[in-house]
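What follows is a set of notes on a single structure, which appears directly below.
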Amino acid sequence: MIDFRSDTVTRPTSEMREAMASAEVGDDVYGDDPTVNSLQAYAAERLGFESALFTATGTQANLLAIMSHCGRGDEYLCGQSAHNYRYEGGGAAVLGSVQPQPIENEPDGSINLEKARAAIKADDIHFASTRLLSLENTIGGKVLSLDYQRQARTFCDDHNLLLHLDGARVFNAAVKSNCDVTEITRHYDSVSVCLSKGLGAPVGSLLLGSKAFIERATRLRKMVGGGMRQAGILAAAGRIALEKGPQRLFDDHENAEYLSAGLAGLPQLEINPASTQTNIVYARCRSDRAAQLRDYLADQSILITAGNPIRFVTHLDVNRQDVDRLLDAIRRFYQS
């Protein structure tokens, strides 16, 4: 089975499985798990922050970030397409009583900072207090420019806002931007990083920020049921993912470019290869046969997302031969 649905479907490598089996563990709620502590210390140093917190999921990391930056009745600004607004169950509002203020994303994934300025609430008892701007990089496979992120930092400083990055795929952004990841993370008060997407770990994300911020987030993690015990078994795989995963993201990007070029040669599909920046490819069926294509490919042991446009994602468990097999199967479908 070849799975192009997401980079969340990656399976742990043999090295990860061996590290998990032999991991030194303790009770992480007591702060006693040496493997978790080692991962957190390494992550903080690698991404340029004082402290880090190992969390079960990216959704949890983003929730803890918003709740640590904002109080009940506060507000955060985010993109209309932001994952922490659209796809995380409304957790900030439901669990944190923090109001999201979505702003339509620009075609490049950014948020127009003039629109963000207009969305900041006046200091008036009728309004929620605007505390935070949340950006996402990458977003829909698109990479925010380094210059834009510098502007966002200045904007937040000028308007007394905090700045959070949903950096689930921030290492993909760094690869595309041809920079070290710290050239991105240095602009933010907090960053979440997913270990279980392109980096290849089976479970886990990291939340990074100041020491005081991570102390608040740790308390909130316990509150929402995220306090784990012998979590070093998971952190051991996460450490390998963080150390070695970024080095091979270039392969995912190259495979995505190759896939885009192949799909562009099919008249039945609409795709702009130049729009593929990282490991995510979008193609639209010119007819109403997207569901039929999905079912046909499933019969060929190839999984893709439902819907139109179709999203294809390259990752650790997809190689160039797998991409060729996908393209050949799509050609056969349209020839039948």
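Just the heavy atoms: all of them, side chains too, but no hydrogens, waters or symmetry mates, feed the values below. Small disclaimer: the values here were computed from a predicted structure and weren't measured.
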- Task: Give a yes or no on whether Leu165 and Tyr76 share a hydrophobic cluster (residues Ile, Leu, Val, Met, Phe, Trp, Tyr; joining criterion: side-chain heavy atoms under 4.5 Å apart).
- Result: no
- Message: Under the criterion side chain to side chain contact (heavy atoms under 4.5 Å, CB included), I'd like the reasoning laid out for Asn255 against Leu259: C-alpha separation, chi angles, the key distance, then a yes or no.
- Response: CA-CA 6 Å; Asn255 285 334; Leu259 173 58; over 6 Å; no
- Asp7 side chain near Leu316 side chain, heavy-atom distance below 4.5 Å: no
Solution key, residues 174-181 side-chain donor-acceptor pairs under 3.5 Å, sequence neighbours excluded:
{"from": "Ser177", "atom 1": "OG", "to": "Ala173", "atom 2": "O", "distance (Å)": "2.9"}
{"from": "Asp180", "atom 1": "OD1", "to": "Arg46", "atom 2": "NH1", "distance (Å)": "3.3"}
{"from": "Asp180", "atom 1": "OD1", "to": "Arg46", "atom 2": "NH2", "distance (Å)": "3.0"}
{"from": "Asp180", "atom 1": "OD2", "to": "Arg46", "atom 2": "NH1", "distance (Å)": "3.3"}
{"from": "Asp180", "atom 1": "OD2", "to": "Thr182", "atom 2": "N", "distance (Å)": "3.0"}
{"from": "Asp180", "atom 1": "OD2", "to": "Thr182", "atom 2": "OG1", "distance (Å)": "2.6"}

- Message: Could you check whether any side-chain heavy atom of Asp189 comes within less than 4.5 Å of a side-chain heavy atom of His164, counting everything from C-beta outward?
- Response: no
- Message: Under the side chain to side chain contact (heavy atoms under 4.5 Å, CB included) test against Ile66, which residue among Leu132, Leu220, Asp74, Leu162 passes?
- Response: Leu132
- Is there side-chain contact between Leu47 and Tyr188, with heavy atoms separated by less than 4.5 Å? no
- Query: Can you tell if the side chain of Phe54 reaches within under 4.5 Å of the side chain of Leu206, non-hydrogen atoms only?
  - Reply: yes
- Task: Check the angle between the aromatic planes of Phe4 and Phe312 and answer parallel, tilted or perpendicular using the 30° and 60° thresholds.
- Result: perpendicular
- Item | Ion pair check, Arg325 and Asp322, cut-off under 4.0 Å | no
- Message: Side chains of Thr314 and Tyr258, heavy atoms from C-beta outward: is any pair under 4.5 Å?
- Response: no
- Message: Tell me whether the count of non-hydrogen atoms from other residues, nucleotides or ligands lying under 6.0 Å of CZ in Arg219 goes above 12.
- Response: no
- side chain to side chain donor-acceptor pair (under 3.5 Å) against Gln101, all qualifying residues, sequence neighbours excluded: Lys121
- Item | Distance-only polar pair, side chains of Arg169 and Thr278, donor-acceptor under 3.5 Å | no
- Query: Is there side-chain contact between Ser192 and Ser205, with at least one heavy-atom pair below 4.5 Å?
  - Reply: no
- What's the verdict on side chain to side chain contact (heavy atoms under 4.5 Å, CB included) for Val281 and Leu263, showing C-alpha distance, side-chain angles and the deciding distance? CA-CA 10 Å; Val281 179; Leu263 294 174; 4.0 Å; yes
- Would you kindly say whether His253 and Asn172 are connected by a side-chain donor-acceptor distance under 3.5 Å? yes
- Are side-chain N/O atoms of Ser68 and Arg216 paired as donor and acceptor at under 3.5 Å? no
